[in-house]
Visitor: 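There's a structure below that I have some questions on.
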Amino acid sequence: MAPTALLLLMVVAAILSSSARSFESDTISAESAVSGDRTIVSRGGRFELGFFSPAGSSDHNYYVGIWYKKAVSQRTPVWVANRAAPVSDPASSKLAVAADGNLVLTNEAGKHVWSSNASSSYSGDVVVAVIMDTGSLVLRRRNNDGEVLWQSTDHPTDTWLPGLRLGMNKITGEVQHLASWKSSVDPAPGLFSLAIDPNGSSQYFLTWNGTEHFWTSGLWNGEIFDGVPEMMSHAKYDFKFESDANGSYFTYSQQDATAISRLVLDVSGQVREIMWLPSSAGDDDNDGEWMVIWTEPHKLCDVYAVCGAFGVCEKNEICSCPAGFRPSSEEDWGLGDHSHGCRRNHPLLWCDGGANTTVHGKDDDAFLLAPDMSFSLSFPKNSSPALASSAQDCSLACLRSCSCTAYSYGSHCSLWYGDLLNLERVDDTAGMDNLYLRVSAMDVPSKGHKRTVIFISTASVASILVLSVVVSVAVMRMLRRRQRSVAFTQAASEGGSLVAFKYSDMRSATRNFSEKLGGGGFGSVYKGTLPGSRAAIAVKKLEGRLSGVGEKQFRNEVRTIGVIQHVNLVRLRGFVCSRGGERLLVYDHMPNGSLDRALFAGSPAVLSWPARFRIAVGAARGLLYLHEGCRDCIIHCDIKPENILLDAALVPKVADFGMAKLVGRDFSRVLTTVRGTVGYLAPEWIAGVPVTAKADVYSYGMVLLEIVSGRRNARRWCWTDTEQEGPSFSGYFPLVAARMVSGGEDLAVLLDERLRGDADVAELERVCRVACWCVQDDEARRPTMEQVVQALEGVVAVDVPPVPRSLQALVEGSAGSVMSARTSACFDGIAESPI
């Protein structure tokens, strides 16, 4: 080949190679911008960057963001570049490396709306931006020498991802912080932020409007934050704190690398751990959902100014406006942004622009009582005492000042000024003063000044007929509403029968399913309130839809389960089976939540031993009724602390007991497919043999052990005694307990350390023995639930059980050698299951 031709080929190859490098799928450079529909994807396929418009937005605003690419079917942004400066046309906007080496976003008008603003001496032709599998966008030199010029994780938005830092730079004084979105469709920085203490301590603050610290994590003690004790039972994450002369920061990692989770500062002002739950089919391409695992603060009403000025945080943790007020922006409230609060229905007329000048009569302003309101500790800076001998004198004192917006009277008179924040509706108002809000007299019925007189002139027959039709329609609607009201009342009554609700009823009762309580393999649960009765309910939306035949089967099944009532079973109030295929189940709401929250969430009020023993016996009675008290034996299939709910008096209620039947008429299909939760599954589930009610007995035994220890069975458990001679146990708790019970040793060491040994010794021994009999490998050796109840109540004696072989095999196989019950080193145990 001629030298000239060979040289030409070499030049073409170099150009093609350079062009290929310029357009790598995970890289942005000066030559390869992100624009229009073009995106870049991390090498492992976990994250994607490009233009997006928030789901539900109608503003046609576009942002450059990073979202999950792999396994998550919903586009969920974890970082947004131009969160306060949207573009309107992504096709003519572009994100590229500029001549100065910075990453720059240019809008449709050619204006720079966002830049990385990195201080660098490198020009744009040697700098590239690469998206990583960690979710970070990194600006670095093209030769990848490890020098990072800028990275998105140093400038987070509302999300903290595993493996990424959140702290402060001690040299520059810059503090990384999460800032909530303004609303669910607007990623602009909202009023809430989360950041490490800028004074250098190892704690985080939640802040409102940059001024009010309303929550702290507490100091880091080397294992957990002092203010977040539930971290002790949170085995999924490993937190790490590092501090040196350059900075201090936290990182966290997931023990399960396959799980997809994130920590988000929500629009509501709560920090939430959110985990992706794929569909039950287990296919990455199928739909799933995000589930909230925990929140801080736990109560929405503890978030500062969560409902805005004059907004009221209700007992069911939703925002409302008091009488005489309405939302300042209905649209924003619908999007979860309550920061604008409430405004009066009609403006005040007594004062002119806030001056003390009278333009109308005093009677043009009035006061309305805000009942059951907690307020005195929420905004003490806004109030001042006033001399008044009666409520009337107190109201007159407020009327004299145009800046007075409310007064309270009871033990004394206080005048309140400006916008009132942190109003909360409470149950117990004993000892609290009454709060009266200043409103226009037009909003107080007794203060109305004008009466409207209607003069009826001669009308045509047609007009009368039209009026008759309108009246008839109104009467029919009123009757239908009354019928629905009767249904709601019937459902709320203690002895009411099962009610077939309309889907619209439950959508209204749950505020369009806005407050999610939890979920599982069968569906999601939402909190609601029955109109009229104000009875709190829990509404479960079952997955999937029904055919016409399936609707009839579902109604038959739900009626069967609806008549099953027991003091230790959650009561089914009603159901929805719509023509569109939606299936809802309406249950009583349990104010104390589930047993797992009481045991593992680090609540300051530790469950006493008598309460735990009553819960254990009550749950056993509920299962006994399902197994033997119903016409057909009902096998629960998923006994775990999450499915044992606690009412206001801590009476246990077994929940989801109808799910196995409601899955389908072919009940045998349910029992040959593994169902339940890893860690509570009986061996026969895995073996594939027919499952009986003894599978529930095994799961119940695992729950009993957790009631004793106050910790998850799958967590590391270690107890040693170095002060005196005695045994030293370590490892998987069910095996530790079984060996101690079998060896006749002191069982007090198995007890939750928070109880400080305060437990009835005889009851503790019965519970431990029963638990170890329940988790025997051979179901024939397990007791029935009737025998369990009798044993717990002391009616029958309980022999010493053998150590289950499956537990020994589990640990021996996991550790690589047989574990002695007297080993001194702590063994992490198997992470999930005893099977």
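The model shown is predicted, which means the values in this text are computed figures rather than measured ones.
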Visitor: Supply the atom-to-atom distance W276 CH2 to R262 CZ, rounded to the nearest 0.5 angstrom.
Guide: 9.5 Å

Visitor: Determine, stepwise, if the pair L95 / W114 fulfils side chain to side chain contact (heavy atoms under 4.5 Å, CB included).
Guide: CA-CA 9 Å; L95 179 70; W114 178 85; 3.9 Å; yes

Visitor: Salt bridge between E289 and K541, side-chain N to carboxylate O under 4.0 Å?
Guide: no

Visitor: Honestly, is R597 close enough over W294, meaning NZ or CZ under 6.0 Å from the six-membered ring centre and within 45° of the axis?
Guide: no

Visitor: Does NZ belonging to K240 count more than 12 external heavy atoms closer than 6.0 Å?
Guide: no

Visitor: Distance-only, no hydrogens or angles: does the N102 side chain make a donor-acceptor pair with backbone N or O of N117 under 3.5 Å?
Guide: yes

Visitor: Taking the side chain as C-beta and beyond, is there a heavy-atom pair between H338 and S268 under 4.5 Å?
Guide: no

Visitor: Any donor-acceptor pair under 3.5 Å linking the side-chain atoms of E147 with those of Y122?
Guide: yes

Visitor: Looking at M168, is its backbone amide N or carbonyl O close enough to the side chain of Q176 to form a donor-acceptor pair, meaning the two atoms are under 3.5 Å apart?
Guide: no

Visitor: Output the distance between atom CG (L807) and atom CG (N713), rounded to the nearest 0.5 Å.
Guide: 9.5 Å

Visitor: Can you check whether G247's main-chain N or O pairs, donor with acceptor, with D244's side chain at less than 3.5 Å?
Guide: yes

Visitor: Side-chain donor-acceptor pair under 3.5 Å between S42 and D133, yes or no?
Guide: yes

Visitor: Heavy-atom distance under 4.5 Å between the side chains of L599 and I707, does that happen here?
Guide: yes

Visitor: Looking at every heavy atom in both T39 and E48, which two are closest together, and how far apart are they?
Guide: OG1-OE2, 2.7 Å

Visitor: For the aromatic rings, using the six-membered ring if either is Trp, is the centroid distance between F214 and W208 under 6.0 Å?
Guide: no

Visitor: When you measure from the side chain of E273 to the backbone N and O of L263, does any donor-acceptor pair fall under 3.5 Å?
Guide: no

Visitor: Answer yes or no: is there a side-chain heavy-atom contact under 4.5 Å between L206 and V271?
Guide: yes

Visitor: Given side chain to side chain contact (heavy atoms under 4.5 Å, CB included), test L166 with I196 step by step and report yes or no.
Guide: CA-CA 8 Å; L166 190 65; I196 200 169; over 6 Å; no

Visitor: For T216 and Q203, does a side-chain donor sit closer than 3.5 Å to a side-chain acceptor?
Guide: yes

Visitor: Can you name the closest pair of heavy atoms from Q254 and P162 and give their distance?
Guide: OE1-CG, 3.7 Å

Visitor: Going through the distances and angles, do F241 and Y249 end up as a ring-ring contact (aromatic ring centres under 6.0 Å, His included)?
Guide: CA-CA 6 Å; F241 176 63; Y249 58 86; 8.0 Å; no

Visitor: Would you please classify the geometry between the F239 ring and the W160 ring as parallel, tilted or perpendicular, with 30° and 60° separating the classes?
Guide: perpendicular

Visitor: Within the 4.5 Å heavy-atom criterion, are I28 and L103 side-chain neighbours or not?
Guide: yes

Visitor: Between atom CD1 of I66 and atom CG of L161, what is the distance when rounded to the nearest 0.5 Å?
Guide: 9.0 Å

Visitor: Starting from the C-alpha separation in whole Å, work towards a yes-or-no answer on side chain to side chain contact (heavy atoms under 4.5 Å, CB included) for R272 and T295.
Guide: CA-CA 4 Å; R272 298 181 174 182; T295 62; 3.5 Å; yes

Visitor: Kindly give the heavy-atom pair with the smallest separation between W290 and V72, and that separation in Å.
Guide: CZ2-CG1, 3.8 Å

Visitor: Determine the sole option in L650, L645, I615 for which the side-chain contact (heavy atoms from CB on, under 4.5 Å) test with L595 is passed.
Guide: I615

Visitor: Please check: side-chain N/O of S699 versus main-chain N/O of Y680, any donor-acceptor pairing under 3.5 Å?
Guide: yes

Visitor: Check the SG atoms of C319 against those of C313: under 2.5 Å or not?
Guide: no

Visitor: Donor-acceptor check, side chain of D26 to backbone of M132, threshold 3.5 angstrom: yes or no?
Guide: no

Visitor: When rounded to the nearest 0.5 angstrom, what is the spacing between OG1 in T76 and NZ in K69?
Guide: 13.5 Å

Visitor: Between W181 and T157, is there a donor-acceptor pair closer than 3.5 Å when you use the side chain of the first and the backbone of the second?
Guide: no

Visitor: Which is it for S524 and K540 under the side chain to side chain contact (heavy atoms under 4.5 Å, CB included) test, yes or no, and what are the steps along the way?
Guide: CA-CA 6 Å; S524 302; K540 177 182 283 288; over 6 Å; no

Visitor: How about CZ on R140, more than 12 heavy atoms from neighbouring residues, nucleotides or ligands closer than 6.0 Å, or not?
Guide: yes

Visitor: Kindly check if the number of other-residue, nucleotide or ligand heavy atoms within 6.0 Å of CD (E753) is above 12?
Guide: no

Visitor: How close do E515 and I318 get, counting heavy atoms only, and between which atoms?
Guide: OE1-CG2, 4.0 Å

Visitor: Quiz question: by atom type and distance under 3.5 Å, do the side chains of S339 and D337 form a donor-acceptor pair?
Guide: yes

Visitor: Just wondering, do D186 and Y63 contact through their side chains at under 4.5 Å, heavy atoms?
Guide: yes

Visitor: Do L149 and V127 have side-chain heavy atoms sitting under 4.5 Å apart?
Guide: yes

Visitor: Do V185 and N61 have side chains that get closer than 4.5 Å, going by heavy atoms?
Guide: no

Visitor: Within the 4.5 Å heavy-atom criterion, are R511 and K527 side-chain neighbours or not?
Guide: no

Visitor: Specify the closest pair of heavy atoms between P77 and T159, including all atoms of both residues, with the distance to one decimal.
Guide: O-OG1, 4.2 Å

Visitor: Would you indicate whether K516, at its atom NZ, is surrounded by more than 12 heavy atoms from other residues, nucleotides or ligands within a distance under 6.0 Å?
Guide: yes

Visitor: Distance from E706 atom CD to I644 atom CD1, nearest 0.5 Å?
Guide: 9.5 Å

Visitor: Where do A195 and H177 come nearest, in terms of heavy atoms and distance?
Guide: CB-CB, 3.5 Å

Visitor: Closer than 4.0 angstrom, basic N to acidic O: yes or no for D158 and R83?
Guide: no

Visitor: Just by modelled atom types, is the L137 backbone N or O under 3.5 Å from a matching donor or acceptor in the W150 side chain?
Guide: no

Visitor: Might you work through the ring-ring contact (aromatic ring centres under 6.0 Å, His included) test for F47 and Y68, ending with a clear yes or no?
Guide: CA-CA 5 Å; F47 289 95; Y68 293 96; 5.1 Å; yes

Visitor: Quick check against the 3.5 Å criterion: does D266 have a side-chain atom that pairs as donor or acceptor with the backbone of S180?
Guide: no

Visitor: For this output row, return yes or no: ring centroids of W215 and Y304 closer than 6.0 angstrom.
Guide: no

Visitor: I'd like to know whether the aromatic ring centres of Y526 and F513 sit less than 6.0 Å apart in this structure.
Guide: yes

Visitor: Less than 4.0 Å between a side-chain N and a carboxylate O, is that true for D752 and R612?
Guide: yes

Visitor: Output the distance between atom CZ (F733) and atom CE (M702), rounded to the nearest 0.5 Å.
Guide: 11.0 Å

Visitor: Mark yes or no for whether S25, through its side chain, and I40, through its backbone, hold a donor-acceptor pair below 3.5 Å.
Guide: no

